[in-house]
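A, B, ... follow the sequence lines: proteins, then strands. Residue 1 opens every chain. For the numbers below, each heavy atom of this structure counts, side chains included, while hydrogens, waters and symmetry mates do not. Predicted model, so just to flag it, every value in this text is computed and none were measured.
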Amino acid sequence: MHRFITKAVVTASALCLAAAGFAGCSKKPDAANNNAVVGITQEPGIFDPHTVVAAGDEEIIFNVYEGLFKYDYEGNLNPCLATEVEISSDASVYTFTIRDGVKFHDGSDLDAADVVYSLKRAAGLLDTQGGVALVSELDPIKTVEITADGKVQVTLESSNSELLCYFTTGIIPEGYDNCQAAPVGTGPFKFESYTPGQSVILVKNDNYWQKGLPYLDKVTFKICADMDAGLTELAAGSIDIFPYLTPDRVNQLDSAKFNVLSNGSNMVQLLALNNAVEPLNDLRVRQAINYAISRKDINTVTMDGTSVELTTAMSPAMGNYYDSSLDGTFDQDIEKAKALMAEAGYENGFDISCTVPSNYLIHVNTAVELASELKAIGINLEIKQVDWSTWVDQVYAGRQYETTVIALTSAYAPYDVLERYQSTSDGNFINYSNSEVDRLMAQIPLTSDVNERTELYHQVLGLLTADACSVYIQDPTTITVVSTRLEGYHVYPMYVQDMSQVKLTGN
Amino acid sequence: MSQAVKNKANRSPEASAFYIAGIILLGIVVISFIVSLFWTPYEPDATSAASKLLAPCLEHPFGTDNLGRDVLSRVMAASKYTIFISAAGVAIALILGTVAGIPAGYFGGITDRGIMLLGNSIMCFPGILLALVAVAVFGPSVTNVIWALGLVFAPTFARVCRLGTMEIKELDYITHARVMGVKPARIMTFHIFPNLVGQLLPATVIGLANMTLFESGMSYLGLGVQPPEASYGKMLSEAQAYVRVAPWLVIFPALMLVFYILGLYFISEGLRVNLSKGGK
Amino acid sequence: MKSKAGYFIGKFIELILTLFVVSLLVFAAFSIIPGDAARVMLGPNASEAQVNLLRAQMGLDKPLIARYGSWLLGIITFNPGTSYSFNMSVSDLISQRLPVTIGMSVIAMVMVIVISYPLAVVSARKPGRLGDQICSVIGHILFAIPPYAASLLLILLAGSVFSLVTVGNYVSPSDDFLGYVGCLLLPSFAIALPKIAMSFKFLRSSIIEQRTSDYVRTSKSHGLSDLKILLRHVLPNSNVSSITIISIILSDILGGSLIVEQVFNLPGLGRLLLMAIDRRDFPLLSGMVFYLAFITVILYFLSDIAASLADPRIRLK
């Protein structure tokens, strides 16, 4: 008898183990299901189109809200909720014609009053706001009015020819103030739910003004702990689209099941040097660091050579605004770097800390590679990993750091890229200060001629490089893997997941 | 202390078998640590764009990682942190534990209750949780990990000390000393503590192993040893993405980690077997 | 000699005192946490005035004692406030995550019992035999592998060798209960492994010890099965109460699940905890840490009570 019982228990435990194998069999997304799952690695937090800060939030609500203008995947700024814009010759008055037949997700029609409310709210012009702009880039707006013929007229405090790209700011229904909990926009998808740490679910907007779009019924943004967790899910089929992968991860995927898409990201990854601390306040030291590193090796080690190497504050993805004459300024030259160090009085090098956000593997790896390279000129880079909120708090807002590795994102607009280098800018976390740059940046919005503006941008870039204000490293290519069951996905040169064009393969 | 009775015929050989196995396993880690102090095949932190993810070969017996660093050198260098953190952590736990545990056992009453209440409260946090939170509060660094682990493990040592003290203080010569008017501090330091060493030894060895488990877990989560320094937990978390294409990145650090922990377990098992033999 | 009721009351007072000290520890820890929660919430571009306004709203400007008081009140009424970063009530956030962590703990516990008990019984029948020794050695090895490393190994084995299990495909229990259990099996197994070894080792030595005692020999000669002897004599009489061992194992499993969740990408308490740490989310973090400790305290309390009921001698200690 007792033998039987023990055997039974042993068998039961063996069965239990076997079940561990079988019951876990995958449930792959059904091909008939007209939906898609996008993997994201950043916890979303803000769904209000005017208070959103993090790029990871913006890429989701891109599908929910639309502005008067909207970017496409080639970086063109196209009319969206406005059908056209008329800009006064001194660029101080923008007049928008509002599109007809657009419905909000709550069923109401879009009219000029909604646009006025939204722009006023973004620019901090509502009576309750006390003049604090929610979208600080729209702060230059003085008044927003409806003209006699039903257009929306925006008057600025001064001329500004670089403001159009900020009219991509989301338009919401007049008087609506609950965007955080219940987003209402005009975009191709409606906001369904957000479960912290798990997912954001969007469903099809049946009344979308662009007929025939979107194709999918439901889009789930699934939150993954990190890139590798997402990769496992991708391989298992529980995620269809996964952006921002590194090439070495992509190589591990089954190429028959996935399409690999890529595009320049228009991001600027840099070793930011705090210009206000010793010994980084010495131009020669900053130059020495620039000469000491090999951008090519960093690119190879961190991105398998797929990135675009940078020597200045702007990515070549910006087209004409980028100044290609600066290419090669800081090609690796250890001897020159050593000479500059000696000239600055640091022939024996020095110790310096590098504060990196731990959630970005590419930045941590870049810092590790930099530490290894900078040993050649005697600089001992001590890496301090911090979590994201500490980074924002100490490094970006508090500017209490020596060096850091980060990638700067921006709108696909040159002014947005360079705005932070003005000595008074909130975004000037490297404490850079050059009165000539300040003068040029003030002049740019007043200049209406595109060629003249481009020339001014080139001058700013030239100054930034001459001052070696930081060590610009690379524009990491955005690599997105898309399951072959979907098609129509495009990688944007900015932080955007546009799901409106995505559809099941063959449909 | 559990008092398992071992099969008679197996007693002594069992203990020595445990000792031998334990010392061999631990020896591998300790020797690689000692050698790494003077020499490693490559700089453990030196990256190399030209040699990424190389499989084990003559130049790199353990292969290279995703940044082209030599895994053998890193495995050797990582032993430093494993040994140092566990040793320093146990030292802190031991000091805190004896300082709290001996008086608790000796004086009893309210002192005992107060100290044990604090100890029990600390033990109520699932071990790793307290360490994680402590590191989160003070920031991830080797020093903070050591303090956090020392704090988490202190109550275990305090318990051992308290129970041991309660037994020892009833012994004749201690009662004698007390009647003679010897100060309690003196009795605890010179008469009780030396007698506890035998009981603290197995707890210390086990403590080293458990602390390593915790430390590697925290490093795995990125809250322990910071890059570019190597530690087994960190190496494993970095290797996770490459587990299919470069299994050597997982295998070697995992082996070393298990060698260290297992070696300590075997030695403590040997101690335990000997102790229970001696006790009978 | 203490009475039964006296023992229980004493234990209960101890429980309350312990919870009080735990609450003090938690609160103290988070009061010195660096990083300004208001600043983190508002982001880098907020002005000093905005930050100060929010600090006032969150009550961060009140004295420490007052903050402790209101925090404690919230905790004991199971209403620990609103999470800074998610704008949701902490209890909702925790209860959303509970299915994963509880599920994993329960499954792991079942695995520990179902696997270690029979193995211990079989192994202890002929101690020193090859089978027993192999079990013991494997037990030691399992004990030395950290759960997250075991997870990596299991992922490698299950994923590429058997290609049976999908990792990281969490299914909520309300959608598909079997699928939910299925996706938790592998991570639970990873957590259970070292605990199986621990429980096996403890049981085996207890059985061997008890087996040599006279009354077990007598019962055996009366034809009782090993299992019955185990349940009737060995477990109640073993030196360290098996109930205590189970409660220790459960608390370890709870802690272990926090890390293993991370490896398997499961939306449980562990990830919520790391997220809360990342975002300096004081109400969420302190609530979670306190309740996790609370569960353990209750567990130990219940195990003490149960042990004393099973074996009245314990009350004399």
Side-chain angles (χ1 to χ4, degrees), chain A residues 225-232 235 245-254 293-305 332 353-376 380-390 394 405, chain B residues 40 42-54 63-71 73-74 77 132-133 135-145 218-231 233-247 249-250:
Chain A
D226 53 31
M227 190 202 294
D228 296 320
L231 200 73
T232 334
L245 280 170
T246 53
D248 53 357
R249 306 296 204 276
V250 172
N251 293 339
Q252 299 182 29
L253 291 166
D254 181 354
I293 66 155
S294 162
R295 291 167 174 83
K296 188 162 174 293
D297 282 355
I298 298 175
N299 186 1
T300 310
V301 162
T302 59
M303 290 298 287
D304 273 350
Q332 190 178 31
S353 69
C354 183
T355 316
V356 227
S358 56
N359 54 330
Y360 289 106
L361 188 64
I362 173 174
H363 300 327
V364 178
N365 282 345
T366 303
V368 170
E369 172 68 24
L370 282 167
S372 169
E373 289 182 5
L374 287 175
K375 278 198 182 129
N380 180 24
L381 195 71
E382 293 163 45
I383 298 170
K384 274 191 355 203
Q385 265 196 119
V386 295
D387 53 69
W388 179 240
S389 55
T390 308
Q394 281 181 7
V405 179
Chain B
T40 51
Y42 297 83
E43 264 302 298
D45 305 337
T47 57
S48 159
S51 48
K52 286 178 69 177
L53 291 175
L54 293 182
T64 61
D65 70 4
N66 56 321
L67 300 179
R69 295 174 293 190
D70 180 55
V71 175
S73 308
R74 289 182 71 70
L132 282 181
V133 167
V135 169
V137 170
F138 297 107
S141 78
V142 171
T143 333
N144 291 345
V145 169
M218 291 166 77
S219 293
Y220 174 82
L221 291 179
L223 292 169
V225 176
Q226 295 295 296
E229 300 294 331
S231 81
K234 191 77 202 144
M235 289 177 83
L236 284 173
S237 85
E238 286 168 355
Q240 189 172 354
Y242 305 95
V243 69
R244 293 196 187 98
V245 287
L249 292 182
V250 174

Which answer fits Val368(A), side chain, backbone, both or neither, if we ask what part of it has an atom under 4.5 Å from a heavy atom of chain B? both
CD-CG distance between Glu238(B) and Asn365(A), expressed to the nearest 0.5 angstrom: 7.0 Å
For Thr47(B) and Ser372(A), indicate whether the former's side chain and the latter's backbone hold a donor-acceptor pair under 3.5 Å. no
Would you mind checking which part of Lys375(A) comes under 4.5 Å of any heavy atom in chain B, side chain (CB onward), backbone (N, CA, C, O), both or neither? side chain
Roughly how far, to the nearest 0.5 Å, is the CD atom of Gln385(A) from the NZ atom of Lys234(B)? 5.0 Å
Hey, what do you get for CG (Leu67(B)) to CG (Asp297(A)), rounding to the nearest 0.5 Å? 11.5 Å
If the threshold is 4.0 Å, N to carboxylate O, is there a salt bridge linking Lys52(B) and Asp304(A)? yes
